[in-house]
Structure formats: structure tokens, C-alpha cells
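I have placed the structure first, in the form of C-alpha cells, so that the comments after it can refer back to it.
For clarity, every value in this text was computed on a predicted model and none was experimentally measured. We use all heavy atoms of the structure for the numbers below, so side chains are in, but hydrogens, waters and symmetry mates are not.
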Amino acid sequence: MKTLERPRRTSGGRGLFTSFHPGSHYVSTIDEVRALVDVVITQGSFAFDVETVGVLSHHPDLTEQVDQQVKTHVEALTSTSDAITDRARENKEQAMTKTIALDPKRNEVIWVGIATNGYSWAIPVGHPCGEVLVPEEVGNGSTIPPTGHRKILKSGDESLAKARYHIPAVFADPPAQLSRAEVFEALKPIFFDHSLVKVGHNVKFDARTIAKYYGELPVGPLHDTMLVQHALDENISSFRLTSLISTNFGEHNPYSKHGKVGANISTTPFSIACNYVHLDARWTWMLYQKLIRGLTNPLRQVVEQDVRVLEVLMDMEDIGMQVDSKGLASLGEELDSKMTDVHSEITAITYPGFNPDSVKDKRLFLFSAKRDGGLGLKPNKETEKGQASVDHDSLRAMEHKHPIIPLFLNWAEYKKMKSTYVDGLLEKTNKGRLHPNFHLHRTSTGRLSSSDPNLQNVPRDSSIRGLFKADDNSLLIVADYDQIELRIMAMFSKDENMMEIFTKGIDIHTGAASLLFDKPVAEITKDERQLGKSANFLTAYGGGASKLSATSGVTLTKAREIINQYYEQFDGLSLWKHKVVMQAKKDGYVTTISGRRRRLPDINSNKDDLRSRAERQAVNAIVQGSASDICKKAMIKVHPKVRSFGGKLLVQVHDELVVNVPDNDRVDYYSGIIKEEMGHGKDLNNVPIVVSSQSGYTWSEAK
DNA sequence: GCGATCACGCACG
DNA sequence: CACGTACGTGATCCTA
């Protein structure tokens with residue numbers, strides 16, 4: 001095996017007739033691509049990385065969005081001019097271009113970086129510029145701008161006032177480059193070979209990006225440095241490649257000598273970009289090697305599981321979920337008109353210019369003394385920083401005190417719907433579909449998270465979920481675990497009463513209420529069941545009497561009684577929780593069913609609040625993390641089954657899976673398969689697993 | 001007037 | 001003293 005070459009200093013060519021070669025990593029001919037493919041195949045695994053740009057003119061729908069953004073931006077300004085509008089447009093266009101570059105469905109590749117043992121390469125396929133001919137010039141306002149960059153006075157003359165200016169660099173033309181089509185064709189053998197391990201840093205992005213040029217997703221196994229790092233340490237603030245390199249390679253700054261790419265790779269000189277690209281791939285490769293060497297069981301199995309989930313998630317992201325854009329738009333208009341009404345009512349009661357989105361305005365109006373123009377109300381609770389809270393709970397508690405308060409509540413509800421779910425989702429639709437990002441490394445418990453958009457927090461209220469639709473000739477099936485977290489607690493603790501409730505198939509909240517109030521299950525009232533439910537939640541989260549009294553409305557004394565009774569009735573559970581905390585204090589971490597760890601640095605802290613928090617987290621991490629393990633295992637099993645009958649896994653919401661299936665007479669069969677693969681009818685050490693499912697043409701019908 | 005960051009509130013499990 | 005997330009908005013500080 002060849003040892004790693006030292007990265008070569010690039011020549012940084014200047015002038016028109018420089019025939020530079022950015023180094024041995026630079027791949028400029030198709031034969032070189034073929035040669036690197038041969039090398040990669042002999043190595044069995046490789047890291048890859050793509051650099052992408054967004055081209056706004058390719059996306060008329062987004063150009064329209066920019067127009068809209070500029071319009072609303074300018075409308076909000078106090079004064080306007082052509083120059084301000086132009087600058088606003090430039091900013092919005094730049095921002096949109098950046099978003100496109102990060103959207104695998106819309107971006108374009110301009111570089112491919114590939115690395116394996118002893119090698120790294122950079123393949124340009126559309127870098128827009130060559131070397132710098134004339135450097136950029138930035139005036140910070142302390143000088144008179146050069147002619148041509150000065151303000152034009154009303155007289156038509158150039159202003160000689162000192163002012164800021166920016167003259168972009170002038171670049172030479174870029175060298176001739178291979179086309180995307182021929183490069184990806186030549187690289188096909190390495191991206192579609194099941195025997196080659198393909199490694200990336202956030203590999204779903206790179207794989208989905210290049211999928212455009214193949215018409216299908218690259219095949220696994222796909223490995224990800226982020227996953228490995230997360231299994232080794234979930235308490236990491238930044239998972240950026242540079243951060244992970246400096247922590248894993250002793251503060252070494254991999255890019256220091258070789259020029260840093262600015263915010264935008266497409267305005268970076270060719271040779272510097274070339275260096276950066278091969279180094280990125282190389283460092284991804286080296287980081288991966290280093291991290292997996294540090295992986296021992298059970299963390300190795302954790303990563304193996306997540307890698308399989310990752311491939312499922314990539315498919316889910318790429319398929320996306322259909323939404324009714326027109327429905328969203330008309331819901332938006334509905335909300336707008338409601339908001340207009342509420343807003344004018346609010347203004348009538350308060351004053352012109354009152355901003356119902358401003359916590360400060362609301363606080364001042366509600367709580368300042370009457371002589372100061374306020375209502376003189378007494379705050380219900382404080383925020384973390386000690387200010388009077390104006391959140392939903394506080395307002396509800398004083399709802400009857402003044403007619404403005406229900407208006408505030410209505411405003412907040414409509415505003416949230418409009419901005420987050422109507423506008424927020426609309427601007428992310430692509431050909432009528434939403435393609436979320438699912439992350440395996442952003443939670444400390446091992447749960448998934450979703451972003452851009454987050455499809456895991458779509459309101460259950462049917463107004464929004466009703467606009468998420470099955471494909472044509474399809475149905476949605478939603479299958480969810482019944483009380484998975486409490487079942488996991490029963491499994492771990494082997495608490496007799498809890499086991500009995502589950503094995504007998506009794507509703508767990510009713511069962512808990514029955515034990516709390518010493519009454520037969522049949523006689524439990526709705527209120528009593530609600531208390532049982534609150535108490536059950538309390539154990540999973542580790543809350544105390546004050547929280548119980550706050551969430552259920554009983555007195556503090558009553559809450560204490562209930563908690564004591566709960567611990568007595570579920571003594572096995574209490575004992576288990578105690579053991580968990582002891583174990584966590586000894587080891588510094590807790591472990592889930594699949595072997596994932598949550599490290600708790602504060603578990604032995606001298607500070608009571610920190611330590612108590614860590615103790616609650618210890619218990620909760622096992623429960624939440626194990627539930628997540630079960631759902632991940634289910635996804636791995638469900639995915640191929642569902643595909644085999646033409647279905648698509650669309651979304652995971654922690655304990656539920658949303659699946660699109662063909663709308664035919666076999667729907668019951670499909671749900672049966674899904675439930676079976678999720679483990680319905682099986683058990684966790686004698687605690688039965690129950691999965692229920694529903695189907696419908698929209699997400700709300702299938703809830 | 002702009003971007004980055006914090007505070008707050010709130011949608012979900 | 002309830003666990004885990006994502007994200008929109010306003011307020012504030014910073015900088016050109």
C-alpha cells in the first residue's frame with residue numbers, strides 16, 4: 001500500500017498564459033478518471049465528496065419566490081430607493097442560490113472529490129473560474145471609491161465622498177473541464193457496486209446529489225463519519241468536518257496551508273478549489289479510518305444499525321411526501337383574513353403600532369401598571385431569564401381577566417400555522433412534494449430528527465395534516481406503536497403490576513389509575529385516567545409533585561400523595577430507576593437496548609440542579625433511546641417489504657411510520673405486513689408489543 | 001440597515 | 001424539577 005503523499009503546494013498560476021497544474025490530485029482527463037476507478041476498486045472502499053452550486057435561473061418557481069421576498073422586504077423598509085431594492089434583490093438571490101446548492105434535487109455538481117488508501121483526487125466538472133487576474137478590491141468607507149464606483153449626484157456628476165465599495169476579483173477563464181455526464185458515467189462502477197463501501201461526511205447529501213445524474217440513488221453500503229462520531233460521542237456541539245478533524249487529529253488545521261475556500265466555492269480560484277476538494281475527501285477518509293478503529297462493541301453494532309437506517313432514510317428523503325399546494329395556499333388566505341380581523345381588534349384595544357408578535361409589547365401591555373397604560377395584571381409565571389411570561393399557559397390562566405387575552409391566543413395560533421406550516425412548507429415544496437432531511441446525529445438519545453422541513457412536528461390538527469396526501473392511486477398507512485416507552489420501562493424493570501397491565505391488555509393509564517385509587521379498572525373515571533396518564537408520563541421524564549400538580553390541576557398535597565402511591569404500586573419500576581442512576585454514576589453513561597450510550601457528564605456534579613437533571617436524563621435516555629432503537633429496527637425490516645409490493649416509506653415520527661401503498665383490495669394485507677415487521681404480536685421479554693394502524697387518502701385520515 | 005446570536009414561544013413524540 | 005427535538009420572530013449587539 002502506498003503511503004499518503006504530502007499535499008503539494010500549488011503553483012497558484014497568474015497571468016493569462018499560465019499553464020498551471022494544481023497538483024497530482026487534479027483529474028482532467030477521462031483516462032485519469034478511469035484509472036482512479038480501477039484504484040478504488042482494488043481498495044474496496046473510498047470516501048467521496050461533492051461541491052455544488054445553485055443556479056437560480058434553472059428554477060423559475062424559486063425566481064418567483066425571490067421576487068416575492070424582495071417585494072415584502074422593501075415594503076417593510078422605512079425608505080426605499082432603486083439602489084436599496086437592487087441590493088435587497090442581490091442578497092435574496094444570493095441566499096436562494098445558497099439554498100439551491102444544498103438541495104440535492106436542484107443543485108449542480110462542480111467538483112467531485114474521491115479518496116482512498118494513499119490517494120486523493122479532485123475532479124472538476126464545471127468550476128466557473130480560473131486563477132485571479134485582478135484581486136478583488138474592498139473599500140471600507142475611509143477612501144473615495146475609484147471612478148465608476150462613485151455615487152452619482154443629482155447633477156449627474158460623480159460624488160467625491162468617501163464611501164464603501166466592492167470590486168469583485170477578475171478571474172481568468174477556467175481550464176477546459178470534463179462534463180458531468182462523462183465523469184459520472186465513468187464513475188458509475190464505483191457508485192453502483194454493492195461490494196464497495198462508500199464513505200461520506202453527511203453521505204446522504206452527496207449520494208442524493210449525484211443521483212440526479214444517474215436517475216437513481218447510488219447503492220450501499222454507505223457509511224458516514226457523522227454516525228460513527230455520534231456513536232462515540234453524542235455530546236458534540238459541531239459535527240462539521242473541520243471540527244471533527246481538529247478534535248480527532250490534535251488541533252491540526254487541515255486547511256491552513258492550502259488556502260481556505262471562501263463562503264462561495266464558485267468565486268474561489270481554480271487551483272485553491274482543487275486543493276480544497278481533494279483534501280476534503282482525503283480528510284473524510286482519514287477521519288473515517290481513525291473513528292472506526294476506535295469503535296468496539298456494542299458501539300460497532302450501533303453504527304451498523306444506523307448505517308442501515310441511513311440508507312432507508314435516503315430513500316425516504318428522495319421520495320418525499322406529496323402536499324396539496326393549492327390547499328395550503330387557500331388555508332393561508334383563510335388564516336390571513338382571520339389574522340387581519342384579530343389584528344384590528346387587538347389594535348383597537350391596545351394602540352396603533354402594537355406588535356402582537358412582540359413578547360415585549362405584550363408583557364408591557366398586560367403587566368405594567370394602569371397609570372402607565374397597562375392592564376396591571378399579575379404575572380402567572382416567569383421565563384428562564386426571570387421575565388414575566390406571556391406564553392400560552394400563562395395567558396390561559398388569566399384568560400377571563402381581559403378580552404385582549406383570547407385575542408393574543410388566537411393571534412399566536414394563526415401566526416404559528418401561517419408562518420411555520422403554510423408559508424414554511426410552501427416555500428419548500430418541489431414539484432408538489434416535500435423532501436425533508438432526516439438526521440441520525442442530532443439527538444443525544446439516538447432518536448431521529450427532521451429538518452427543512454421538519455415533518456416530525458406537523459400539527460395533528462387536520463387542517464395541515466389533511467393536506468399531506470397519498471400519491472395518485474395510493475393510500476397512506478400510518479402504523480404506530482402503542483405506549484412503546486412505558487412498555488420498555490416495564491421490560492427493563494420487570495415491575496409486576498406494570499407487566500400485568502400490559503399482558504392483560506389493559507389500557508396503561510387506566511391500569512395505573514386503578515392502582516393509584518384502589519378501584520377496579522371498570523370504575524375508573526375519565527379524570528382518574530387522566531391522572532394515571534400524567535403520573536405515567538412523570539415516571540418516564542422524572543418529574544416531581546409540582547409538575548404533576550401543574551399539568552393535572554390537582555393540589556400539591558394531592559400530587560405528592562399520588563406520586564407516593566405510584567412508587568408504592570410500581571415498586572419494581574422505582575427500584576429499576578434507582579439502579580439506573582447508580583449505574584450511570586458509576587459508568588458515566590447509560591445504555592439502550594441496541595447498545596447505544598448516552599454519556600452524562602453532570603451525573604456526579606456537585607450542583608444539585610445539574611446532577612438531578614442528569615439523573616432524569618439517565619432514565620429517560622434509556623427509555624427514549626430504546627424506543628428509538630425499536631423503531632429503527634422496524635424501519636430496516638419494513639423498508640424492503642414495503643418496496644416489494646410497490647409501497648414507499650415516507651416519514652418516521654419516533655413511534656410511527658407513514659407509508660404510501662397502492663390503493664387496491666390488498667390494503668389490509670399491506671398493513672398486516674407493516675405491523676408484523678414492526679413487531680406487533682411479539683414481545684420484549686414478555687411485554688407484548690402492540691402496533692395499531694389506520695389508512696386514508698390524507699395524513700389526517702390515516703392518523 | 002445588516003448579520004449573528006440570544007430569548008421566547010410552540011409544533012411534535 | 002419533565003425528557004427529546006425544529007423553527008419563526010423580535011430584541012440586541014456588532015460592524016461597515
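- Residue A:R396 places none of its side-chain N or O atoms closer than 4.0 Å to OP1 or OP2 of B:dG9.
- Contact between the side-chain N/O atoms of A:N355 and the OP1/OP2 oxygens of C:dG10 is found at a separation under 4.0 Å.
- Closest to the side chain of A:R460, out of B:dC12, C:dC3, B:dG9, is B:dC12.
- A donor-acceptor contact closer than 3.5 angstrom is absent between the side chains of A:D629 and A:S626.
- Base-pairing analysis of DNA chain C finds the following stems of at least three consecutive Watson-Crick or G-U pairs, with both pairing distances under 3.5 Å: B:3-9 with C:7-13, B:11-13 with C:3-5.
- Between A:R611 and the phosphate of C:dC1, there is no side-chain N or O to OP1/OP2 separation shorter than 4.0 Å.
- No engagement by A:D609 is indicated, since no non-hydrogen atom pair under 4.0 Å with the nucleic acid exists.
- Counting only N and O atoms by type, the side chains of A:T698 and A:S700 include a donor and acceptor under 3.5 Å apart.
- The CG-C1' distance, from A:L600 to C:dG4, rounds to 13 Å in whole Å.
- Here the P atom of nucleotide B:dC12 and the CH2 atom of A:W699 are 11 Å apart, to the nearest Å.
- Atom CD of A:Q94 has 12 or fewer heavy atoms from other residues, nucleotides or ligands within 6.0 Å.
- Taking only side-chain nitrogens and oxygens, A:S451 never comes nearer than 4.0 Å to OP1 or OP2 of C:dT5.
- For the pair A:T383 and B:dC8, the criterion of a side-chain N or O lying under 4.0 Å from OP1 or OP2 is met.
- Ring geometry, A:Y566 versus A:F570: the interplanar angle falls from 30° to 60°, so the pair is classed tilted.
- A close approach under 4.0 Å does not occur between any side-chain nitrogen or oxygen of A:R613 and OP1 or OP2 of C:dC1.
- Contact annotation for A:H73: backbone-only contact, meaning every heavy-atom pair under 4.0 Å involves sugar-phosphate atoms and none involves a base.
- Checking A:S238 against A:S243 by side-chain atom types alone, a donor-acceptor pair falls below 3.5 Å.
- Taking the side chain of A:T420 as heavy atoms from C-beta on, and the options B:dC2, C:dG8, B:dG9, the nearest nucleotide is C:dG8.
- Listed pair A:T539 / C:dA2 fails the phosphate criterion, with no side-chain N or O lying under 4.0 Å from OP1 or OP2.
- A:S628 comes within 4.0 angstrom of nothing in the nucleic acid, heavy atoms only.
- Listed pair A:R447 / C:dT5 fails the phosphate criterion, with no side-chain N or O lying under 4.0 Å from OP1 or OP2.
- Contact between the side-chain N/O atoms of A:R465 and the OP1/OP2 oxygens of B:dC12 is not found at any separation under 4.0 Å.
- No hydrogens or angles considered: nothing links the side chains of A:K703 and A:S462 as a donor-acceptor pair under 3.5 Å.
- Atom P of nucleotide C:dG4 and atom CG of A:D629 are separated by 16 Å, given to the nearest angstrom.
- The A:V359 side chain lies nearest to B:dC8 when the options are C:dG4, B:dC8, C:dC7.
- Among the atoms of the strands shown, none is found under 4.0 Å from any heavy atom of A:V623.
- Note: A:F468 and A:Y421 fail the aromatic proximity criterion, with ring centroids not under 6.0 Å apart.
- The listed nucleotides are C:dA2, C:dG4, C:dA6; the one nearest the side chain of A:R442 is C:dA6.
- In this structure, A:S451 OG and A:R442 CZ are separated by 4.5 Å, a value rounded to the nearest 0.5 Å.
- Residue A:K385 is classed as a sugar-phosphate contact, given heavy-atom separations below 4.0 Å to backbone atoms only.
- Evaluation of atom-type donor-acceptor distances gives a pair under 3.5 Å for the side chain of A:Q624 against the base of C:dC3.
- Side-chain N/O atoms of A:R598 include one lying less than 4.0 angstrom from OP1 or OP2 on C:dG4.
- Between the side chains of A:Q694 and A:E701, no donor-acceptor pair of N or O atoms lies under 3.5 Å.
- For A:N454 against C:dA6, a side-chain-to-base donor-acceptor contact under 3.5 Å is absent.
- When the P atom is used for both B:dC8 and C:dC1, the distance is 14 Å, rounded to whole Å.
- In this structure, A:Q387 reaches the sugar-phosphate backbone alone: every heavy-atom distance under 4.0 Å involves primed, P, OP1 or OP2 atoms, never a base.
- Nearest to the side-chain atoms of A:D655 among the listed nucleotides B:dG13, C:dG4, C:dC1 stands B:dG13.
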